[in-house]
Protein chains: 2
Amino acid sequence: MMQTVLPTFINLPAAKQEKIVAAALAEFADKGYQQASINVMVSSSGIAKGSMYQYFKDKKGIFLYIFDFAISLVRRTLMQVKETTQEADFFTRLEKSLLAGVEFIRQHPRIYGIYLKILFDQHVPQRPQLLKAVRQFAAEYFQSLVRQGLERGEIRADLPGPAATFLLDALFDRFLQATCVPFFDVTLGLDQAPPAEIEHRVKELIDLLRQGLAS
Amino acid sequence: MMQTVLPTFINLPAAKQEKIVAAALAEFADKGYQQASINVMVSSSGIAKGSMYQYFKDKKGIFLYIFDFAISLVRRTLMQVKETTQEADFFTRLEKSLLAGVEFIRQHPRIYGIYLKILFDQHVPQRPQLLKAVRQFAAEYFQSLVRQGLERGEIRADLPGPAATFLLDALFDRFLQATCVPFFDVTLGLDQAPPAEIEHRVKELIDLLRQGLAS
DNA sequence: AATTGATATGACCAAGTGGTCACATGAGGT
DNA sequence: ACCTCATGTGACCACTTGGTCATATCAATT
């Protein structure tokens, strides 16, 4: 994905690499691209500013490396969820997928933070490509679930596939946002909710998807 | 909402006020709060920098004024939609509401742009209050629709109200984002879609809500 | 010990930021 | 014509930014 990491960084001892990645991840997640400060990154990872430019060509290079690191972790995790729920029925798979998303964010809040910061910021380098990569991946995940659900006859045969995918994507992303962005969700109070309540809400929402709203 | 407009601004001729508001709106919508430049605002509205500080206490003051201006326009519009669809059935009301949202964004893209920029930016002044104000308003709108839908027996009596509200909120907000943020929606291709297709997609999604996914 | 080539460093640079202030301008009242 | 007072103005301030570069450090080879 058009990296601009310099070989110097690759040759670094793993521990030092991790410190730098952690610092950059935290800063980008907190401030977004433009507002993130390289001065903060270097001082919080304990290296000199000049060193940073021996590791990466420029700020854009740092960001793209971090983004690549992040998205590959997401991909691996989601693929694993997909495999381990292979046998379950459609709605159970949805449930497990959403819970896995919640757990992923609990473990890697800054990765999701970067995604949220990127979403609506026109001035992020390579934004079209980066955004498309994330969104396409999510859409394909849901498409694949829907396809299998149709094949097994677990969902209506006359279901408009793209619309269903869109709905799932919308609901899931919003649910995840609600669990980790304070003041964002005023109806379910998901942020900092205990796991038991989150599980209950997931079940409730998926039931809603299953049955529909009409009487 | 804790304004910091100075009387000097209020006494300004309306045309000059509008130029300043337009410039600030455009800049905040494009860059978000921190990244927005007062230098750009003053130069694009043709006033001196010093003048800006005779009109507003500081950057925060400008932003809060603009936000207040924006949200009151949203409130008025949504209230009007609510009234004019009073007699329609639940699902028709949903349809009209979503289409009204699309139309509002078409006419005031920068207002929605500010909302999007604020959503995930921890460093916006008064963020908790501002975000809560917007979200609560949307939630109450859907709650009121759901309540009336229940009373009229148009939706299932055993429906969990908060979950339904959450689902509607999620879907609608995502739909609106998809219509105006390029590369965001890869499944329906809503951005820059012709009105006829948007209407079709709205109907399709609301039908999905009505009937559910299950076979 | 001497040499060499890669890596580490932080003072420094130009540019841009939000905000200030001494002064200029103008309208109204005497 | 003179004074007054609200308003307009842009040079200026301290500060931060991303990025550079001459120099120092270090490890390996001769």
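Order of the sequence lines fixes the chain letters, A, B, ..., with proteins taken first and strands second; residue numbering starts at 1 for each chain.
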Show the numbers, then the answer: is there a side-chain contact (heavy atoms from CB on, under 4.5 Å) between A:L12 and A:I20? CA-CA 11 Å; A:L12 243 40; A:I20 294 169; 4.1 Å; yes
Whole angstrom is fine here: how far is it from CD1 in A:I47 over to P in C:dT9? 8 Å
Return whichever of A:T8 or B:S37 has its heavy-atom-nearest nucleotide of DNA chain C closer to the 5' end. A:T8
Result block: side-chain N/O donor-acceptor pairs under 3.5 angstrom for residues 186-198 of chain A, not counting sequence neighbours:
unit_1, atom_1, unit_2, atom_2, d
A:T187, OG1, A:D185, OD1, 3.2

In whole angstroms, how far is the C1' atom of D:dG8 from the CG atom of B:L12? 11 Å
Ring-face cation of B:R127 near A:F183 (centre distance under 6.0 Å, axis angle within 45°): no
Protein-nucleotide distance (B:I62, atom CD1; C:dG19, atom C1'), rounded to Å: 11 Å
Report the distance from atom CZ of A:F104 to atom CG of A:L73, rounding to the nearest 0.5 Å. 4.0 Å
Parallel, tilted or perpendicular, judged at 30° and 60°: which one describes the rings of B:F63 and B:Y33? perpendicular
Terminal axes of the helix from C:dA1-D:dT30 to C:dT30-D:dA1 (five pairs each): angle between them, nearest 10 degrees: 20°
Applied to residues 17-40 of chain B, the salt bridge (charged side-chain N to carboxylate O under 4.0 Å, His left out) test, sequence neighbours excluded, yields B:E27-B:K31
Among residues 51-60 of chain B, which contact DNA chain D at a heavy-atom distance under 4.0 Å? B:S51, B:Q54, B:Y55
With a sphere of 6.0 Å drawn around CD of A:Q80, does it hold more than 12 non-hydrogen atoms of other residues, nucleotides or ligands? no
Would you call the rings of B:F175 and A:F166 parallel, tilted or perpendicular, where under 30° means parallel and over 60° means perpendicular? perpendicular
Mind running a 4.0 Å heavy-atom check of residues 16-32 of chain B against DNA chain C and sending the residues that fall below it, in number order? none
Write down the distance between CD (B:Q34) and C1' (D:dT17), rounded to a whole number of angstrom. 13 Å
Mind calculating the distance between CD (A:Q35) and P (C:dT17) to the nearest angstrom? 12 Å
Take the protein atom CG of A:N39 and the nucleotide atom P of D:dT17, then report the distance between them rounded to whole Å. 5 Å
Can you give the donor-acceptor pairs under 3.5 Å from side chains of residues 200-209 of chain A to other protein atoms, not counting sequence neighbours?
unit_1, atom_1, unit_2, atom_2, d
A:R201, NH1, A:E204, OE1, 2.8
A:D207, OD1, A:R210, NH2, 3.2
A:D207, OD2, A:Q211, NE2, 2.9

Within a radius of less than 6.0 Å around NZ of B:K82, do more than 12 heavy atoms belonging to other residues, nucleotides or ligands occur? yes
Find which nucleotide of DNA chain D each of B:N11 and B:K49 is nearest to by heavy atoms, and output the residue with the more 5' nucleotide. B:N11
Check the angle between the aromatic planes of A:F184 and B:F120 and answer parallel, tilted or perpendicular using the 30° and 60° thresholds. tilted
B:I38 CD1 to C:dA15 P: how many Å, rounded? 22 Å
